[in-house]
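Below is one structure, written out as structure tokens; comments come after it.
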Number of protein chains: 2
Amino acid sequence: MLEPMSRRRSLLHEARCQTCSLSSLCLPLALEMDDMGQFDAIIRRRAPLKKGEPLFRQGDTFTSVYAVRSGSLKQVTAEGNGSEQLTNFYLPSELVGLDGIDEEQYPGSVIALETTTICEIPFDRLDLLSEELPELRVQLYRSMSKELRDDRRMMRLLSRKTADQRLASFLITLSDRFRRRGYSPYSFRLSMPRADIGNYLGLAVETVSRILSRFQQQNVVAVSGREVNILDMPRLITLAEEEEQTAS
Amino acid sequence: MLEPMSRRRSLLHEARCQTCSLSSLCLPLALEMDDMGQFDAIIRRRAPLKKGEPLFRQGDTFTSVYAVRSGSLKQVTAEGNGSEQLTNFYLPSELVGLDGIDEEQYPGSVIALETTTICEIPFDRLDLLSEELPELRVQLYRSMSKELRDDRRMMRLLSRKTADQRLASFLITLSDRFRRRGYSPYSFRLSMPRADIGNYLGLAVETVSRILSRFQQQNVVAVSGREVNILDMPRLITLAEEEEQTAS
DNA sequence: CGGTGGTTTGAACCAACTCAACTGAGGTGG
DNA sequence: CCACCTCAGTTGAGTTGGTTCAAACCACCG
């Protein structure tokens, strides 16, 4: 299971925050070089996760938060009755596991959607370091606050928006997250199957598929399997905001 | 608009954390007496809010988080198109405004549902104090983490549960929150109108009304206006969890 | 080349919505 | 003290967006 030594060392090297291309988006974003070294010292390297592998499982004892370096993951929470709810997708630079602090266990499993590399940040050491580094502390507060805000946007989506609006919003949000990370906001690959999109958006798989087909017919997007091209962003934004459209 | 002096002084006195009956639920829950004094010193007293008055409005610059002392509030976020989404209810000891840290403005208005008293906690001072008091810092992380967890439970409710399950869950959650605060978990008063419940749960007012009537017919609860009596908690819990019930 | 997992499409159904009317509780002023 | 108004809540009837069930399709892989 261990990687060859040379590969491991290479990963270790890449994983230093100072050389990480994500440092301007990630937790240490506001740190000076010196402070970043301190932060870097508490991070644990991890072997990459393969597609389908869990980073941790629902109910596992909370020990660390994790920053995504590359790849993507989903968070799923199992209900008592067996059904699962997908509550989040995580992309590079995002923090995973913050919702486990309070009860000292993770409230859902987090599973890699593709080959994914991760930085593990033991929470007790992060907390201690946040005592010394006010910028780090504030950044941590901000990350959690942002997640709260995003969750509430999601609640609005789930309780008020139509299926069309949900899909449009989903594509726009993804597009925006790719743009911020330096990728094309118009052309990207979905790392998750339709079923996951449906579960996340509170829709049946069939509905997701149908609506993507319709968007394609209307020349708003071009979809081929998991490849997405956004052809008409303004129209997509309109679709996400307003359903009512008195056809003139 | 100012209260008479004696009344004000009385309020100021009551508002000390050391004498507050909520201190075991609230932010300073883990603090020693000495530390609590420090915490207490940064808190600003506020005149009580009357029903319908906003604590702050959507878009206001973020300066403080607030702890509810008595009464209750709702958080509403206005959409571009004019519709509003109710994203949270706040009860005594709960923290309001944490989702404003990141963007330095409040993402929604928070409005009193009845006469409500509040402790204002300026965030910059809270952050500084959290540097000195590790227990306070952890408690703050926990509060945010708990809110994340609750939000995700809400997302599950909105995306997977039927109207009956939503109402049942809502009543159970309220019941539990009252119980933790030392009130009866079986008999309480809703401080919000049906419209707010509907908005929060992603249901039409009519649906809320109909389902409450049905629960009443089934002797699960007794509802009279805003007074609620839970008659059959086990049944209510069943209703909240499983819809499918193969009638034997 | 048959199998398997993911995706698409069609058709029927149903839970919750909308529209509409009614009821009841509170408040106000003549 | 009653007539009137208003607004929250309830109840009924018809409509519909998204679901479920069913079947085909496709692409990749051993």
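All chains are named by letter (A, B, ...) in the order of the sequence lines, taking the proteins before the strands, and each is independently numbered beginning at 1.
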Exercise for review: Measure from CD on A:Q217 to P on C:dT8 and round the result to the nearest Å.
Suggested key: 12 Å
Check your understanding: Rounded to the Å, how far apart are B:E227 CD and D:dG9 C1'?
Key -> 15 Å
Study note, to complete from the structure: Picking from D:dG18, C:dT7, C:dA16, the nucleotide nearest the side-chain atoms of A:A163 would be D:dG18
Check your understanding: What integer distance in Å separates A:L158:CG from C:dA16:P?
Key -> 15 Å
Check your understanding: Which whole-number value in Å describes the distance from A:N199 CG to D:dT20 P?
Key -> 12 Å
Practice item. Would you mind classifying the nucleic acid contact of A:R226 as base, sugar-phosphate or nothing, using non-hydrogen atoms under 4.0 angstrom? Key: sugar-phosphate
Check your understanding: Taking 4.0 angstrom as the limit, do B:E94 and B:R177 come out as a salt bridge?
Key -> yes
Check your understanding: Could you state the CG-P distance from B:D196 to D:dC7, rounded to the nearest angstrom?
Key -> 16 Å
Check your understanding: Hey, are B:R189 and B:E227 close enough for a salt bridge, meaning a charged N less than 4.0 Å from a carboxylate O?
Key -> yes
Practice item. Using atom CZ of B:R166 as one end and atom C1' of C:dA16 as the other, report the distance to the nearest whole Å. Key: 9 Å
**Study point:** Integer-rounded Å distance: D:dG18 P and A:L167 CG
**Key:** 10 Å
Review point. What orientation do A:F56 and A:Y106 show, parallel under 30°, tilted 30 to 60°, or perpendicular over 60°?
Key: parallel
Review point. Looking only at atom types and distance, does a side-chain atom of A:E114 sit under 3.5 Å from a main-chain N or O of A:K51, one as donor and one as acceptor?
Key: no
Check your understanding: Could you state the CZ-P distance from B:R160 to C:dA15, rounded to the nearest angstrom?
Key -> 17 Å
Practice item. Look at the side chain of B:Q58 and the backbone N and O of B:A78, then say whether any donor-acceptor pair between them is shorter than 3.5 Å. Key: yes
Show the distances under 3.5 angstrom between N or O atoms of the protein and N or O atoms of nucleotides 10-13 of chain D.
| from | atom 1 | to | atom 2 | distance (Å) |
| --- | --- | --- | --- | --- |
| D:dT10 | OP1 | B:R194 | NH2 | 3.3 |
| D:dT10 | OP2 | B:R194 | NE | 2.8 |
| D:dT10 | OP2 | B:S209 | OG | 2.9 |
| D:dT10 | O5' | B:S209 | OG | 2.9 |
| D:dT11 | OP2 | B:S213 | OG | 2.5 |
| D:dG12 | N7 | B:R210 | NH1 | 2.8 |
| D:dG12 | O6 | B:R210 | NH2 | 3.3 |

Review point. Who passes salt bridge (charged side-chain N to carboxylate O under 4.0 Å, His left out) against A:R179, sequence neighbours left out?
Key: A:D176
Check your understanding: How would you label the contact of B:G198 with the nucleic acid (heavy atoms, under 4.0 Å): base, sugar-phosphate, or nothing?
Key -> nothing
**Study point:** ring pair (Phe, Tyr, Trp, His ring centres under 6.0 Å) partners for A:F89, two or more places apart
**Key:** A:Y200
